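Keep in mind that what you see is a predicted model, and the values were worked out from it rather than measured.
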Amino acid sequence: VDVRISASNELVNLERDGVDIGIRYRPVRTAGPEDGVRLFGETVSPVCSPRLLRPPNPPLVRPADLAAHTLLRMEPDGGNQLQDWGLWLQAMKLADLRPAGVLHFSSYDQLISAAIAGQGIALGRVPLIDSHLKSRKLVAPFSDTVVSPRCYFMVASQASADKPAVRAFMAWLVVSARVPGSGRRRDRARS
């Protein structure tokens with residue numbers, strides 16, 4: 001099976017554009033049958049380079065300590081509050097927190113690269129950053145997480161849904177979306 005990945009924030013019309021499978025990031029509450037198979041959800045929490053936890057950097061012991069740091073923010077994308085700090089800070093009862101600085105990004109990959117480089121604190125989206133947490137390129141200074149109201153869905157075009165290669169690839173994606181070794185879905189929140 002030849003796979004071509006086209007990552008974009010643009011909503012592609014699968015039929016018109018000749019795309020076999022799409023992965024859509026959608027609000028759970030508005031998802032319907034046309035959104036396909038739910039793959040996994042996500043939780044969000046602050047993450048940073050381990051360097052930011054060492055002196056001479058200001059302490060990062062409790063969420064209010066974020067006020068002494070630079071926050072890495074996503075540019076607004078039409079209402080996805082979870083990619084920004086507002087909802088997480090509100091959940092921590094810190095809606096009025098004013099950080100020492102802010103850096104804005106248009107791409108989540110750029111934002112995470114900046115966090116790894118020690119340029120500030122990002123709002124990490126698990127499972128998207130699992131490998132960085134496991135390798136300790138990023139650490140979560142607090143245990144507080146917020147469950148995202150969005151999740152990832154897989155949808156196939158009507159023209160491709162019955163093709164054996166497409167069905168095999170979709171089955172592989174469903175299995176790959178599970179936590180290795182546990183059989184649990186990745187969208188179960190951690191406390």
Engineer: For residues D144 and S45, report the shortest heavy-atom separation together with the two atoms involved.
Structural biologist: O-CB, 3.2 Å

Engineer: Does NZ or CZ of R26 fall inside the cone over Y152's six-membered ring, less than 6.0 Å from its centre and within 45° of the axis?
Structural biologist: no

Engineer: Are side-chain heavy atoms of D65 and P58 found at a separation under 4.5 Å?
Structural biologist: no

Engineer: Would you say L89 ends up clustered with V61 if hydrophobic residues are merged whenever their side chains have heavy atoms under 4.5 Å apart, either directly or through other cluster members?
Structural biologist: no

Engineer: Check the pair V126, V44 against side chain to side chain contact (heavy atoms under 4.5 Å, CB included), reporting the backbone distance first and the verdict last.
Structural biologist: CA-CA 6 Å; V126 172; V44 294; over 6 Å; no

Engineer: If every non-hydrogen atom of R16 is compared with every non-hydrogen atom of N13, which pair is closest and at what distance?
Structural biologist: N-OD1, 2.8 Å

Engineer: I'd like to know if I5 and L11 are part of one continuous hydrophobic network [Ile/Leu/Val/Met/Phe/Trp/Tyr, side-chain heavy atoms within less than 4.5 Å].
Structural biologist: no

Engineer: Quick one: does any side-chain atom of S135 pair with a main-chain N or O of H132 as donor and acceptor, under 3.5 Å?
Structural biologist: yes

Engineer: Check L138 against I112 and note the closest heavy-atom contact, atom names and distance.
Structural biologist: CD1-CG2, 4.1 Å

Engineer: Restricting to ring-ring contact (aromatic ring centres under 6.0 Å, His included), what partner residues turn up for F169, sequence neighbours left out?
Structural biologist: W172

Engineer: Are L87 and V102 grouped together when hydrophobic residues (ILVMFWY) are joined by side-chain heavy atoms under 4.5 angstrom apart?
Structural biologist: no

Engineer: List the steps, then state whether side chain to side chain contact (heavy atoms under 4.5 Å, CB included) holds for L173 with I23.
Structural biologist: CA-CA 10 Å; L173 277 176; I23 306 294; 4.0 Å; yes

Engineer: Identify, with sequence neighbours excluded, every residue that meets salt bridge (Lys or Arg N to Asp or Glu O under 4.0 Å) alongside D17.
Structural biologist: none

Engineer: Determine whether a donor-acceptor pair (N or O, by modelled atom type, separation under 3.5 Å) exists between the side chain of H69 and the backbone of A100.
Structural biologist: no

Engineer: Check whether any side-chain N or O of N57 sits under 3.5 Å from a backbone N or O of L53 as a donor-acceptor pair, and report yes or no.
Structural biologist: no

Engineer: Any side-chain heavy-atom pair from L133 and V47 closer than 4.5 angstrom?
Structural biologist: yes

Engineer: Taking the side chain as every heavy atom from C-beta outward, state whether V146 and M92 have any atom pair closer than 4.5 Å.
Structural biologist: yes

Engineer: Pair Q119, L103 - check side chain to side chain contact (heavy atoms under 4.5 Å, CB included), show working.
Structural biologist: CA-CA 9 Å; Q119 296 175 352; L103 290 175; 4.3 Å; yes

Engineer: Which heavy atom of L94 sits nearest a heavy atom of A64, and at what distance?
Structural biologist: CD1-N, 3.6 Å

Engineer: Determine whether a donor-acceptor pair (N or O, by modelled atom type, separation under 3.5 Å) exists between the side chain of W85 and the backbone of L72.
Structural biologist: yes

Engineer: Report the distance from atom CG of L71 to atom NE2 of H104, rounding to the nearest 0.5 Å.
Structural biologist: 9.5 Å

Engineer: With a 4.5 Å limit on heavy-atom distance, are the side chains of E42 and V147 in contact?
Structural biologist: no

Engineer: Please lay out, stage by stage, how S160 and V166 fare under the test side chain to side chain contact (heavy atoms under 4.5 Å, CB included).
Structural biologist: CA-CA 7 Å; S160 300; V166 171; 4.0 Å; yes

Engineer: Hey, what do you get for CZ (F142) to CH2 (W88), rounding to the nearest 0.5 Å?
Structural biologist: 5.5 Å

Engineer: Might you point out which heavy atoms bring P127 and G41 nearest each other, and give the distance in Å?
Structural biologist: CD-O, 3.4 Å

Engineer: Nearest heavy-atom pair of L14 and I21: which atoms, and what distance?
Structural biologist: CD2-C, 4.3 Å

Engineer: Where the side chain of Y108 meets the backbone of R125, is there a donor-acceptor pair that is under 3.5 Å apart?
Structural biologist: yes

Engineer: Can you measure from CE (M74) to CZ (F105) and round to the nearest 0.5 angstrom?
Structural biologist: 9.5 Å

Engineer: Using side-chain heavy atoms (C-beta onward) and a distance below 4.5 Å, is I121 in contact with L66?
Structural biologist: yes

Engineer: How long is the span from the OG atom in S106 to the CG atom in L111, to the nearest 0.5 Å?
Structural biologist: 10.0 Å

Engineer: How many angstroms lie between CZ in R150 and OG in S148, if you round to the nearest 0.5 Å?
Structural biologist: 7.5 Å

Engineer: Taking Q158's backbone N and O only, do any of them form a donor-acceptor pair with E15's side chain (distance below 3.5 Å, no angle check)?
Structural biologist: yes

Engineer: Out of curiosity, I116 CD1 to R51 CZ, how far, rounded to the nearest 0.5 Å?
Structural biologist: 10.0 Å

